[in-house]
Amino acid sequence: GKVIVDSFYADCKQINKESSATLSVTDLSKIDKFIEAFNAYSKDIYELTESGADFSGVARKINESDNFGGNTKSAGYTNMVDIGGIIGAGSEISSNADAALKALEDSVIYKKNGKNHSGASGLSVYYPLCVSGSQELGLFKDIALSPYYLGLVDKVAYGAVNGGIEDYDNTGILGMFSNDWSGDNYTESDSGMLEYIMEVTSNWDFADDYAPGSSSANITFDVEPGFDEDGFYSFTLSQDCVDDVDHIEGGVYLYSEEDLFAIELGSSGEVYGNFDTGEFIDGFGRFWFSLPDGQFLAAYLQENCDGYDIYTSPILLNGEETNLRFAYYYDDHSGDPGEVEIIDVWDGIDENGCAARSGRELEKGDIITPRYYLCVLDPDSDVEDMFFEGDEYKYSSKTKIAFTELDDGDYLYCFYICDIFGNYETTDYVKFTIDGDDISYDMY
């Protein structure tokens, strides 16, 4: 097993793909003890239903944990999260967290991680970062080995569909937990656990007609989004919703006032604020990612790493839909500040929710065509929102992505206020116009 892992990593290194590589050797004879320990930890977290603040803090940390397979708007979602991250998220809440982490470390007897996943534990598990209907929930219930973790997943999915867990009732589900966790009984097909899984199947249809959207019932304001006295776009969350907020991004759009549409350029993490006070303010610096021919790329944050971020950008490569992945270095920890390094081309998530196993190198002569999401702003228009393509660009070994100032023109900006259940609230647009060194702002 060690030879397999080492040789895999060595091959990744030869093609400059070791940064995102992960592979581990798991001793399955130790998995039973880990499952028992993980179930005890999951029970502690599941029972936080009556303590919304504590549950929200854990959910926020899980969302920040290492995850795999894209999990962005452009690439799609596998909803696979590092188990060590899930356990660590509740380490201050659960007295069983340390035992679960120790059992996990005992089970994963060897691993190799690239720098993009330096803290990965060696095992990942389904967690609904973004719920998409009932199908994936139904698939997971057939393979979940911890009923309390299955209950946690159910709770998070319920929160996504119903705008929170205030009305979530766990008494019926807790009453079904009649598992005998002694010996190996929980692995047998006629165990209480598997009977429980079959019993709750009919309760997992609440997400049948649900799709993640841009409206979160959890988000309310003490001060509505608008310009403050210093001219900054800002807002103050109401204290009763702060616990349900996971993170906040800025949405940037190229705007055509004449045609009443906006082209989404992506999301920016340049938002500053304080979760204690609920006050947040725009910090967007008018810079964006572009190809050498001047075409801006739609860019979506995939991973926060140490000193740099990884983005995905939807493109056509030689006429086929895929994603361009690149790293943006924002300090001098690795590479020069402001440098953008192309990583690879990655196909993202297929219709069955499976992530492409690896990316591929761009080759000289490849044709890159940027793809953008067009938002129609005219409520009376017959045209629907859609993707469209930019101009073709021929790749060469000298091709570099730049992080450069936006061109003169009109743009829109908004806040994406993302809650812990995978929904987000989009605030009103602010219009800003760039004219040379001058930037003027106005409400849209």
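Just so it is clear, the values below take in all heavy atoms, side chains as well, and ignore hydrogens, waters and symmetry mates. Note that the coordinates shown come from a computational prediction; the quantities given were computed from them, not determined experimentally.
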Applying the ring-ring contact (aromatic ring centres under 6.0 Å, His included) criterion to [X], which one of [options] satisfies it?
X      : options                        : value
Phe280 : Tyr416, Phe275, Phe221, Phe415 : Phe275
Tyr372 : Phe388, Phe261, Tyr253, Phe296 : Phe388
Tyr411 : Tyr441, Phe432, Tyr429         : Phe432

Nearest-0.5 Å distance that lies between atom [atom1] in [X] and atom [atom2] in [Y]:
X      : Y      : atom1 : atom2 : answer
Tyr424 : Cys418 : OH    : SG    : 8.0 Å
Asp154 : Tyr149 : CG    : OH    : 12.5 Å
Ile434 : Glu405 : CD1   : CD    : 7.5 Å
Asn323 : Arg371 : CG    : CZ    : 8.5 Å
Ser234 : Asp228 : OG    : CG    : 4.0 Å
Leu324 : Leu316 : CG    : CG    : 12.0 Å

Using atom types as modelled and distance alone, determine if a side-chain donor or acceptor of [X] lies under 3.5 Å from a backbone N or O of [Y].
X      : Y      : answer
Asn79  : Tyr126 : no
Ser313 : Ala298 : yes
Asn318 : Ile367 : yes
Trp288 : Thr404 : no
Ser94  : Ser91  : no
Lys112 : Phe8   : no
Asp378 : Leu260 : no
Ser381 : Leu377 : no
Asp243 : Ser56  : no
Asp391 : Thr369 : no

Any chance [atom1] of [X] has more than 12 other-residue heavy atoms, nucleotides or ligands included, within less than 6.0 Å?
X      : atom1 : value
Phe232 : CZ    : no
Glu92  : CD    : no
Ile439 : CD1   : yes
Glu320 : CD    : no
Glu392 : CD    : no
Glu389 : CD    : yes

Practice task
Return the set of residues passing ring pair (Phe, Tyr, Trp, His ring centres under 6.0 Å) with Phe289 (not counting sequence neighbours), or none when no residue passes.
Solution key: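 For Phe289 the ring pair (Phe, Tyr, Trp, His ring centres under 6.0 Å) partners, ignoring immediate neighbours, are Tyr311, Phe326, Tyr328, Phe403.
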
Problem - Verdict with reasoning, Ile368 to Leu317, per side chain to side chain contact (heavy atoms under 4.5 Å, CB included) - result: CA-CA 5 Å; Ile368 298 172; Leu317 180 65; 4.3 Å; yes

Closest non-hydrogen atom pair, [X] against [Y]:
X      : Y      : answer
Ser124 : Met80  : OG-CE, 3.5 Å
Lys115 : Tyr329 : NZ-OH, 3.9 Å
Lys394 : Gly365 : CG-CA, 3.8 Å
Glu224 : Phe235 : C-CB, 4.2 Å
Leu301 : Ser267 : N-OG, 4.1 Å
Ala89  : Tyr41  : C-OH, 4.2 Å

Handout entry: Short side-chain donor-acceptor distance under 3.5 Å, Asn116 and Ser19
Key =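 Looking only at side-chain atoms, Asn116 and Ser19 do not form any donor-acceptor pair under 3.5 Å.
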
Practice task
Decide whether Tyr127 and Asp82 meet the rule of one side-chain donor and one side-chain acceptor closer than 3.5 Å.
Solution key: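 Absent: no donor and acceptor within the cut-off.
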
Exercise for the section: Could you walk me through whether Leu123 and Val108 pass side chain to side chain contact (heavy atoms under 4.5 Å, CB included), step by step? Expected result: CA-CA 8 Å; Leu123 290 174; Val108 179; 4.0 Å; yes

Heavy-atom side-chain contact between [X] and [Y] under 4.5 Å:
X      : Y      : answer
Tyr300 : Glu264 : yes
Val58  : Lys61  : no
Phe227 : Asp282 : no
Phe68  : His117 : yes
Val245 : Ile420 : no
Leu297 : Ile401 : yes
Thr26  : Ser24  : yes
Phe55  : Leu152 : yes

Handout entry: Sole candidate of Asp419, Asp246, Val156 that passes side-chain contact (heavy atoms from CB on, under 4.5 Å) when paired with Asn63
Key =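 Testing Asn63 for a side-chain contact (heavy atoms from CB on, under 4.5 Å) against Asp419, Asp246, Val156 leaves exactly one candidate, Asp246.
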
Problem - Trace of the side chain to side chain contact (heavy atoms under 4.5 Å, CB included) decision for Val271 with Tyr233 - result: CA-CA 10 Å; Val271 177; Tyr233 191 40; over 6 Å; no

Exercise for the section: Decide side-chain hydrogen bond (donor to acceptor under 3.5 Å, both in side chains) for Asn113 and Tyr9; before the verdict, give the C-alpha distance in whole Å, the side-chain angles of both, and the deciding distance to 0.1 Å. Expected result: CA-CA 8 Å; Asn113 298 338; Tyr9 191 82; over 6 Å; no

Practice task
Take Arg325 and Asp344 through the salt bridge (charged side-chain N to carboxylate O under 4.0 Å, His left out) test and state the conclusion after the steps.
Solution key: CA-CA 5 Å; Arg325 288 198 292 194; Asp344 60 14; 2.9 Å; yes

Exercise for the section: Carefully, step by step, assess Phe140 and Val153 under the rule side chain to side chain contact (heavy atoms under 4.5 Å, CB included). Expected result: CA-CA 9 Å; Phe140 184 64; Val153 167; 3.9 Å; yes

Problem - Stacked cation flag Lys431 on Tyr413, 6.0 angstrom / 45 deg - result: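 Because its charged atom misses either the 6.0 Å distance or the 45° angle limit, Lys431 does not stack over Tyr413.
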
